Amino acid sequence: MIPKVPRENLLELCRRMLLIRHFEERLIHLHDEERFSGHYHVYIGQEATGVPALSCLERGDFLFTTHRNHGHLLARGADPRRLFAEILGRKDGYNKGKGGTFHLAASELGFFHTSGIVGGIIPLATGTAYAARAKKSGQITVCLFGDGALEEGAAPESFNLASLWKLPVLFLCENNGKYGAGRAVGAAQSPTMAVYPLTDLPATYKIPAKQIDGTDAGAVHVAVSEAVAKIRRGEGPQFIETQTVRWPGSETNWPVVPVATDAAMAWDVSSVPEAVREWYRSSDPVLIFIRELWEKKQATKEDIAELDRDVRKAVEQAANFALASPFPEPEEALKDVFA
Ligand SMILES: Cc1ncc(C[n+]2csc(CCOP(=O)(O)OP(=O)(O)O)c2C)c(N)n1
Ligand SMILES: [Mg+2]
């Protein structure tokens, strides 16, 4: 289903999902062209979780994210030029090129820290929730992490305190089926987690927990807006598990683009290589959302094609901006350092 918001908001959600998709496909090519080095991860396949979820937040709220962070920043309205520049280690990046893909911080967007340490942000998010409650600031915290993070001891320790102290935090677990989890809600089981379903873990700590289809933007919007309303009313932490089907391009150690996404694939997947066609036909959250917009008469095929073209152009300009940005001076390494 599509979120119950005005048409212009629906088109903005679509634009952000397409932006994430084209940005990251371009990023993979930049890596293949050796424009940056080191490991990195992409958010492709999870766009219908991050985009509608973060649209439910207020400007001053706090966010924490993981190694799969680019999509979350773009969902929150990050400037793709500064994001590309940061990942490429350039001066015009969000962190002057010193954070890179793994340590992106954009405090103006509420992102204080991105961590590649699986589970590491869960206690940090519990901490900002504690601070906001102590200061009575009304801000809430959203902590975005993967299914693998629940294996870390920091997760249940944080759930315990968050529940005990009724902290204003949403734990949003994006289950992308790394360990063979299925798409059907409730079907996800991990061979490295004794707890099944995953929502039983927060529920043990008396945190209300829901499982939803993470490829359904409308379901995500309903679940997150309800959870956020409860948190703002002082009802304490909430937990949501969104289930997505892992993008075939993320199956290998280094991401690969099996086919360049075109919005028209929402209606015709014949151009998609057969080996990955099923994912694009039935599990691609961006194409599902586009199809729904059209079916519900919120956009014509021409509207979608125009949006797709505009986003591609913006992504190309952003990549060129980043490539033209200088690397930081060597002495920058000694600045912004606390000792
Ligand atoms: C504490 C810690 N242990 C192990 C790793 C290595 N590692 C990197 S990603 C990853 C899997 C994470 O799975 P999940 O949290 O579900 O995120 P996904 O990549 O599936 O989105 C692991 C084990 C790490 N980065 N940090
Ligand atoms: Mg995972």
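As a basis for the values below, the full set of heavy atoms in this structure was taken, side chains included, without hydrogen atoms, waters or symmetry mates. For ligands, and for the atoms within them, numbers begin at 1 and follow the listed sequence. One is the number of the first residue; the rest follow in order along the sequence. This is a predicted model, so every value here is computed, not measured.
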**OP:** Scan side-chain atoms only and decide if Thr114 and Thr65 contain a donor-acceptor pair under the 3.5 Å cut-off.
**Re:** no
Original post:
Can you name the residues that form a salt bridge (charged side-chain N to carboxylate O under 4.0 Å, His left out) with Arg312, not counting sequence neighbours?
Top reply: Asp262, Asp308
Subject >> Test item: side-chain donor near acceptor, Asp213 and Gln243, under 3.5 Å >> reply: no
Subject >> Residue Asp147 vicinity, atoms of ligand 1 by number, heavy atom under 4.0 Å >> reply: 16 (O)
Original post:
What are the atoms of ligand 1, with element, lying closer than 4.0 Å to any heavy atom of Gly148?
Top reply: 13 (O), 14 (P), 15 (O), 16 (O)
**OP:** Would you check whether Arg246 reaches within less than 4.0 Å of ligand 1, judged by its heavy atoms?
**Re:** yes
**OP:** Show which atoms of ligand 1 fall inside a sub-4.0 Å distance from at least one heavy-atom site of Asn176.
**Re:** 18 (P), 20 (O), 21 (O)
**OP:** Compute the ring centroids of Phe111 and Phe62, then answer whether they are less than 6.0 Å apart.
**Re:** no
Subject >> Within the 6.0 Å centroid threshold, strictly below: Phe171 and Phe159 >> reply: yes
Tell me which donor-acceptor pairs under 3.5 Å the side chains of residues 49-58 have, and how far apart each pair is, sequence neighbours excluded?
unit_1: Thr49; atom_1: OG1; unit_2: Gly214; atom_2: O; d: 3.3
unit_1: Thr49; atom_1: OG1; unit_2: Thr242; atom_2: OG1; d: 3.2
unit_1: Ser55; atom_1: OG; unit_2: Pro52; atom_2: O; d: 2.7

Original post:
Do His31 and Tyr40 make the cut of ring centroids closer than 6.0 angstrom?
Top reply: yes
Original post:
Between His41 and ligand 1, does any nitrogen or oxygen pair lie at a separation below 3.5 Å?
Top reply: no
Original post:
Out of Thr66, Leu150, Val118, whose heavy atom sits nearest atom 12 (C) of ligand 1?
Top reply: Val118
Original post:
Can you list the ligand 1 atoms lying under 4.0 Å from a non-hydrogen atom of Ala149?
Top reply: 15 (O)
**OP:** Record the part of His67 in heavy-atom contact with ligand 1 below 4.0 Å; permitted values are side chain, backbone, both and neither.
**Re:** side chain
**OP:** Take the Mg ion (ligand 2) as the vertex and measure to OD1 of Asn176 and OD1 of Asp147; round to 10°.
**Re:** 100°
